[in-house]
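The structure under discussion appears below in the form of structure tokens.
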Amino acid sequence: MSPAPVIIAIDGRSGAGKTTIAIELAASLRAHHKVSLFHLEDIYPGWNGLAAGVERYITTVLAPLRSGQGAEWVTWDWEKHYDGDVRVTLPAEIVIVEGVGAASDAARPLLDAVVWTEAPDDERRARALSRDGSTYEPYWDLWAAQEVEWLAADAVLENIDVRVLNRADGNAPGDVLRALQYLPSCSGVLLPELSTRRGLKLRAQRIDAEPDAMALYETLYGASTNAVWLDSSDGPDLARDTGSSAGAVGASPAAERRRFSILADDGGSHGQMATHRNGITTVSTGCATARIEGPFFRWLDAVWGSSIVPAPEGYGGEFTLGWLGYLGYELKRETGGSNAGSPTPDSALIFAGRAVVLDHRKGSVWLFALEAPDAAEWVSQAAQAVTAASGAAGSTAAGDGADAGVHAVELSKKPGVGGLEFTARDTEVDYKHKIGVAQHEIAEGNSYEICLTTALHAHGTAVDPWQTYVQLRQRNPAPFGSLLRFGSLSVASTSPERFLRITSAGSMRAEPIKGTRGRSLNAEQDAALRADLESSPKDRAENIMIVDLLRNDLSHFAEPGSVTVSRLCVVESYATVHQLVSTIDAQLLPGASRAEAVAACFPAGSMTGAPKISTMAILDRLEEAPRGVYSGAIGYFSLNGATDLAVAIRTLVIRADGDGRAELSLGVGGAITADSSPQEEYEEIRTKAYGVLSTLGAEFPG
């Protein structure tokens, strides 16, 4: 008896291309494994024998193979319409079973993975008849009716691990193999294939240029269904690094945040898209989509940080391709919070196998692509786009606060989106009442600080996420600006706050913001507002509470004694607000899981309050609604183990409904302490919302 094999079923209706995928997948796997392949068409007892054939397959083939024994089974002679020869299928490291009903309900407990193959009905019939000729044609309707009857009674479609849309272009087998590598049931046996995926090589090209970032994004990614722009759009004081000033610039945390922008989509040979909802991660790679059950951070741990793609010489950044997107607040269910659903995915990430990185300090552009047949062509096209975007009249470095080039001049003349009327989840009276309830919880000793939030909503027509974000970055630039597009879901953020950075060498940094004042066009008044924030005991107390919380969060995966507070309650000024910022640094414990280190700090303490777990429970009761993207994190998880994540604040979420309308959501909130003034707290959320609402030509409701 042999060890039990990994059994993969490839199912789907006739003509969907199951046989081709199975044969080519087996051929690929045989490079590293012993593989057995079984076709159900060899065992069906005639054209009306789907149900009987499935039963014979399970009892005489699948059950013995599952236990590591050889399967002895009787073929069907399609010419004589009777039983034929006796054959034996030997067990192997991997067994592929293929055919209609291969993954039926009765078979599912004996399988490790189910692949469901799909194709349009008219294409399926044409393919099947083209393959089998006139033999199949008289029986097509009879067989198709059995498939319909089987699918109506069987739950096979509810238990699919990998779904593939087979376009018959030759890509399906490779996409299926990549998708299978994400399944825990297959990842162990597919280690050779995983090592190939992790042994990726980076193609890099540096260009000394300062392109208009907006023009470059439009050219390269304007038509992409899924794309990410992590945009350091705030940098008016970012001096060019000429050598002598390098030390001064490097010493500024604000300048360090503003140095790089990243533009990418999920195109090319390596491109992928991943979303997570309520314990299910879905990964799309080419025409195949894998469904993985389990916690998000467990999945992240498996796909991030295991590949080592070193940075090229002369590159001062940390991002060397990888996953980019957002983590939503409701992932708190995995870090001590309650389980709640959200109208948006709990996370959405693209895997970028190629990207453009703008180095605003050096005035240069890096083009990165993982080696693939299409890598050289893409690098050439991207280089041409960089050159074109650098030639715009009056162009300056994107991210210098001037909104470079012709595009910015034109856009500055355009009004906000306009015509949008926002409604508030909480009226002023309701919000102030909740502040009172929060202060009661604090008085009872259930929390020290409660970061209470609410949300504004609007519906509009012809809301263009791209134009909306361009307006936002022009009027409210920030070091962690971002435009995320995932099909009908877009996120436009101008966040000033870093949640967590982990470098490839393991340095960790959190930079919480607590304490806000609006800005004034009058220089004297503006200076007074800044001084008031700097000297406010209440705001300093709020900030210090969160610093203590984050020191504790970081300590779970930090080297003992490495957690330090390098800056405490420093005022930083942005386009519309002054904010109080602190910096906590630590060194990651060697060998520690980076995904678990992120989870230990999630959600950001500046968006929950302290202590975190009990305060999140209070917030659930007070807010009575999911936060979604807001209060989560936006950034990247690089192939060299680095991550840089911003807190998702000043963040507009846009969901298109397919009928030319869109729903917009903007979260706002503030930290409540025992000393908080309800009126001042309410004015603070109005101040925080101003930068986004004014861009849209809208006002705070009420």
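Heads up: numbering here begins at 1 and tracks the sequence.
Between atom CZ of residue F499 and atom SG of residue C601 there is a gap of 5.5 Å, rounded to the nearest 0.5 Å. Atom OG of S482 is separated from atom CH2 of W229 by 10.5 Å, given to the nearest 0.5 angstrom. Interatomic distance, T20 OG1 to L25 CG, rounded to the nearest 0.5 Å: 12.0 Å. Atom-to-atom distance recorded for R594:CZ and L588:CG is 5.5 Å, nearest 0.5 angstrom. Distance check, rounded to the nearest 0.5 Å: CG of L483 to CH2 of W466 gives 7.0 Å. Interatomic distance, L194 CG to R178 CZ, rounded to the nearest 0.5 Å: 12.5 Å.
Counting heavy atoms of neighbouring residues, nucleotides and ligands inside a 6.0 Å radius, atom CD of E371 exceeds 12 of them.
Counting all heavy atoms, side chain and backbone alike, I58 lies closest to A107 at CD1-N, 3.7 Å. Here the shortest heavy-atom pairing between L29 and L177 reads CD2-CD1, 3.7 Å. When all heavy atoms of A113 and S185 are compared, the pair lying nearest together is CB-OG, 4.5 Å. In plain terms, the two heavy atoms of D105 and A153 that are nearest each other are OD2-O, 4.3 Å. For Y182 against V283, the heavy-atom pair with the smallest separation is CE1-CG1, 3.7 Å. Minimum heavy-atom separation, G101 to L40: C-CD2, 4.0 Å.
Looking at E118 and R163, a side-chain N of the basic residue comes within less than 4.0 Å of a carboxylate O on the acidic one, giving a salt bridge. Taking 4.0 Å as the cut-off between side-chain N and carboxylate O, D121 and R124 count as a salt-bridged pair. The existence of a salt bridge linking K18 and D11 is excluded, since no basic side-chain nitrogen approaches an acidic carboxylate oxygen closer than 4.0 Å. A salt bridge links R66 with D112: the distance from a Lys NZ or Arg NE/NH1/NH2 to an Asp or Glu carboxylate oxygen falls below 4.0 Å.
Side-chain contact check for S665 versus L456: every heavy-atom pair is 4.5 Å or farther apart. The shortest side-chain heavy-atom distance between F480 and E497 does not fall under the 4.5 Å cut-off. Residues F486 and I350 are in side-chain contact: their nearest non-hydrogen atoms beyond the backbone lie under 4.5 Å apart. Taking 4.5 Å as the limit, some side-chain heavy atom of V6 sits within range of a side-chain heavy atom of C186. Contact check for V692 versus L472: side-chain heavy atoms found under the 4.5 Å cut-off. For the pair V356/L220, a side-chain contact is recorded, criterion being any heavy-atom separation below 4.5 Å from C-beta on. Contact check for L165 versus R167: side-chain heavy atoms found under the 4.5 Å cut-off. Side-chain contact between Q272 and D266 is absent, with no heavy-atom pair separated by less than 4.5 Å.
Of the possible polar contacts, one joining the S593 side chain to the E596 backbone as a donor-acceptor pair under 3.5 Å is found. A donor-acceptor pair under 3.5 Å is formed between the side chain of T468 and the backbone N or O of D464. The backbone N or O of V309 sits less than 3.5 Å from a side-chain atom of T320, completing a donor-acceptor pair. Of the possible donor and acceptor atoms, one in the side chain of Y57 sits under 3.5 Å from a partner among the backbone N and O of A102. One N or O on the side chain of S447 and one on the backbone of A610 form a donor-acceptor pair closer than 3.5 Å.
S269 and D374 form a side-chain donor-acceptor contact under 3.5 Å, judged by distance and modelled atom types alone. For Y217 and D231, the side-chain atoms include no donor-acceptor pair closer than 3.5 Å. A side-chain donor from one of T281 and H276 sits under 3.5 Å from a side-chain acceptor of the other. Between the side chains of N166 and T117, no donor N or O sits under 3.5 Å from an acceptor N or O. Counted by atom type alone, D154 and W150 present one or more donor-acceptor pairs between their side chains at under 3.5 Å. In this model, a donor atom of one side chain and an acceptor atom of the other lie less than 3.5 Å apart for T344 and S342. Residues T453 and E623 have side chains that bring a donor and an acceptor to within less than 3.5 angstrom of each other. A donor-acceptor contact under 3.5 angstrom links the side chains of D265 and S224, judged on distance only. Using a 3.5 Å distance cut-off with no hydrogens or angles, the side chains of T289 and S284 do pair a donor with an acceptor. Side-chain atoms of E318 and S638 include no donor-acceptor pair closer than 3.5 Å. Between the side chains of H33 and E193, at least one donor N or O lies within less than 3.5 Å of an accepting N or O. Judged by distance alone, the side chains of D620 and S338 do bring a donor and an acceptor atom under 3.5 Å apart.
When each of V647, L619, I546 is tested with M607 by the rule side chain to side chain contact (heavy atoms under 4.5 Å, CB included), just one qualifies, namely V647.
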Which is it for W323 and F637 under the ring-ring contact (aromatic ring centres under 6.0 Å, His included) test, yes or no, and what are the steps along the way?
-> CA-CA 5 Å; W323 297 93; F637 301 95; 9.0 Å; no
Test side chain to side chain donor-acceptor pair (under 3.5 Å) on Q181 and S187 and set out the steps.
-> CA-CA 5 Å; Q181 294 168 28; S187 58; over 6 Å; no
Tell me, with the steps shown, if K34 and E93 meet salt bridge (Lys or Arg N to Asp or Glu O under 4.0 Å).
-> CA-CA 5 Å; K34 291 183 179 179; E93 187 181 10; over 6 Å; no
Passes side chain to side chain contact (heavy atoms under 4.5 Å, CB included), R501 versus T503? Steps please.
-> CA-CA 6 Å; R501 184 193 70 179; T503 68; 3.8 Å; yes
Using the salt bridge (Lys or Arg N to Asp or Glu O under 4.0 Å) rule, take K332 and E334 through it: C-alpha gap first, then chi angles, then the decisive distance, then the call.
-> CA-CA 5 Å; K332 67 184 173 66; E334 299 182 19; over 6 Å; no
Derivation and outcome, side chain to side chain contact (heavy atoms under 4.5 Å, CB included), residues I262 and F368 = CA-CA 11 Å; I262 302 168; F368 293 142; over 6 Å; no
Would you please test R298 and D301 for salt bridge (Lys or Arg N to Asp or Glu O under 4.0 Å) and show each step?
-> CA-CA 5 Å; R298 181 193 300 168; D301 189 44; over 6 Å; no
Are D161 and R108 close enough, and set up right, to give a salt bridge (Lys or Arg N to Asp or Glu O under 4.0 Å), and what steps lead you there?
-> CA-CA 11 Å; D161 297 306; R108 191 66 180 92; 2.8 Å; yes
Could you please spell out the steps behind the side chain to side chain contact (heavy atoms under 4.5 Å, CB included) verdict for N278 and R333?
-> CA-CA 9 Å; N278 299 315; R333 72 170 63 89; 3.0 Å; yes
Would I634 and L484 count as a side chain to side chain contact (heavy atoms under 4.5 Å, CB included) if you check the C-alpha gap in whole Å, the side-chain angles of each, and the deciding distance to 0.1 Å?
-> CA-CA 9 Å; I634 297 172; L484 317 179; 4.1 Å; yes
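In this view, A264 and L324, A352, A355 satisfy the side-chain contact (heavy atoms from CB on, under 4.5 Å) rule, not counting sequence neighbours.
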